[in-house]
Amino acid sequence: MSEQDTNKILALVNDSFKNLAEHAFQDDVNSPYLKQIKTNLSEIEQICKDASSAEAVTISSQRTRNPIEDKTNLLKIVYAMSRFDYPMIQSITKTQCSQTEAFNYLAKITGTKATTLKNMRDRFDPYVTQTRSKRKGWHQVDLLPEYQAIKDSYDTKDESTITQEIAEILEQLKKKS
């Protein structure tokens with residue numbers, strides 16, 4: 001997609017957000033349809049931004065390094081998202097957010113794409129006892145040893161303990177950025 005096309009799409013998304021806001025689209029509106037429209041627009045906006053930044057990178061297969069130095073911490077975050085879902089992020093940030101907004105927040109702080117985080121969570125899903133969902137995840141693949149180590153460590157911990165640990169990891173990452 002050309003940069004001009006991406007900019008046109010982003011302008012349309014921004015105009016749509018403005019029009020929704022002018023027509024009583026508030027965070028406290030309970031309409032699932034309006035909330036879904038907002039979520040869809042946010043995802044379109046993120047796709048365009050990802051596409052723009054991807055085009056700026058050379059075509060070689062270079063991977064960008066995650067600012068999160070310890071992959072173990074990233075695995076702890078996605079384990080917690082698998083087990084407790086996005087309300088855990090709501091409790092850490094003290095805000096109401098959708099699943100998409102929670103993953104976008106985590107992406108920004110960890111420097112890892114939201115889709116990568118979701119894929120990592122999907123690896124845990126079939127092996128973790130989920131408290132707020134019944135996602136099947138990648139049930140056709142085995143759990144990798146590094147994932148298994150996090151699962152073994154975290155399966156015995158309660159939600160408040162894990163939430164506190166994830167909050168501390170996220171706070172450390174915010175200080176680094």
Side-chain angles (χ1 to χ4, degrees), residues 1 6 39-40 42-177:
M1 180 175 351
T6 301
T39 299
N40 291 348
S42 294
E43 287 186 39
I44 291 168
E45 183 178 42
Q46 189 60 46
I47 290 167
C48 289
K49 288 177 181 177
D50 289 347
S52 291
S53 64
E55 289 173 3
V57 176
T58 60
I59 296 184
S60 70
S61 61
Q62 295 176 343
R63 299 182 101 192
T64 56
R65 239 183 109 96
N66 292 338
I68 189 164
E69 296 164 1
D70 185 359
K71 186 174 181 183
T72 301
N73 283 340
L74 193 58
L75 290 173
K76 288 176 181 179
I77 292 167
V78 294
Y79 170 93
M81 287 296 286
S82 175
R83 187 166 161 195
F84 305 116
D85 215 351
Y86 69 94
M88 178 199 62
I89 299 302
Q90 291 176 336
S91 71
I92 290 171
T93 62
K94 308 287 189 250
T95 61
Q96 291 296 316
C97 64
S98 66
Q99 177 174 284
T100 299
E101 292 166 333
F103 273 107
N104 289 340
Y105 169 81
L106 292 173
K108 182 178 178 182
I109 290 190
T110 64
T112 305
K113 288 183 179 180
T115 52
T116 301
L117 294 169
K118 290 176 188 176
N119 288 335
M120 292 174 77
R121 179 207 53 196
D122 288 345
R123 279 201 175 259
F124 275 116
D125 282 348
Y127 301 99
V128 170
T129 303
Q130 300 169 21
T131 61
R132 296 184 179 96
S133 70
K134 296 184 188 306
R135 288 183 314 276
K136 294 196 185 330
W138 292 355
H139 59 275
Q140 60 276 51
V141 298
D142 292 332
L143 198 58
L144 299 171
E146 58 191 340
Y147 285 69
Q148 186 66 50
I150 298 300
K151 180 185 178 317
D152 292 344
S153 169
Y154 268 34
D155 276 353
T156 58
K157 295 182 180 181
D158 65 10
E159 183 172 0
S160 64
T161 302
I162 293 172
T163 299
Q164 180 61 37
E165 191 170 329
I166 299 304
E168 289 170 7
I169 291 168
L170 295 175
E171 188 59 37
Q172 291 170 359
L173 289 172
K174 278 198 270 187
K175 288 179 183 177
K176 288 182 182 180
S177 59

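Computed from heavy atoms alone, side chains included, the values below leave out hydrogens, waters and symmetry copies. When a residue number appears, it is its place in the shown sequence, counting from 1.
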Query raised in the report: Side chains of Glu168 and Gln164: do they bring a donor and an acceptor to under 3.5 Å?
Result: yes
Requested in this report: Report yes if the side chains of Val128 and Phe84 come closer than 4.5 Å at any heavy-atom pair, otherwise no.
Outcome: no
Query raised in the report: Would you find a donor on one side and an acceptor on the other, under 3.5 Å apart, between the side chain of Arg83 and the backbone of Ile162?
Result: no
Query - Pairwise distance CG(Leu75) to CD1(Ile150) - rounded to 0.5 angstrom - result: 5.5 Å
Query raised in the report: Any side-chain heavy-atom pair from Asp155 and Tyr79 closer than 4.5 angstrom?
Result: yes
Report summary line: On a heavy-atom basis, the closest approach of Ala102 and Tyr86 is CB-CB, 3.7 Å
Report summary line: Interatomic distance, OG@Ser98 vs CZ@Phe103, rounded to 0.5 Å, equals 10.5 Å
Query raised in the report: Got Leu106 and Leu170 here, is their nearest side-chain heavy-atom distance under 4.5 Å?
Result: yes
Report task. Starting at CD1 of Ile77, measure out to OG1 of Thr110 and round the result to the nearest 0.5 Å. Result -> 6.0 Å
Requested in this report: Could you check if a side-chain atom of Asp122 sits within less than 4.5 angstrom of a side-chain atom of Asp125, using non-hydrogen atoms only?
Outcome: yes
Requested in this report: Measure the OG1-CD distance between Thr161 and Glu159 for me, rounded to the nearest 0.5 Å.
Outcome: 10.0 Å
Report task. Apply the test side chain to side chain contact (heavy atoms under 4.5 Å, CB included) to residues Leu117 and Met81: give CA-CA distance (whole Å), side-chain angles for both, the deciding distance (0.1 Å), then the verdict. Result -> CA-CA 9 Å; Leu117 294 169; Met81 287 296 286; over 6 Å; no
Query raised in the report: Any side-chain heavy-atom pair from Asp85 and Thr131 closer than 4.5 angstrom?
Result: no
Query raised in the report: How long is the gap from CG on Leu173 to CG on Leu74, to the nearest 0.5 Å?
Result: 9.0 Å
Requested in this report: Check the angle between the aromatic planes of Phe124 and Tyr147 and answer parallel, tilted or perpendicular using the 30° and 60° thresholds.
Outcome: tilted
**Report entry** Flag, side chain of Gln90 to backbone of Gln96, donor-acceptor distance under 3.5 Å
**Finding:** no
Query raised in the report: Does the side chain of Arg123 reach to within under 4.5 Å of the side chain of Leu144, using non-hydrogen atoms?
Result: yes
Report summary line: The reported gap from CE in Met120 to OG1 in Thr112 (rounded to nearest 0.5 angstrom) is 7.0 Å
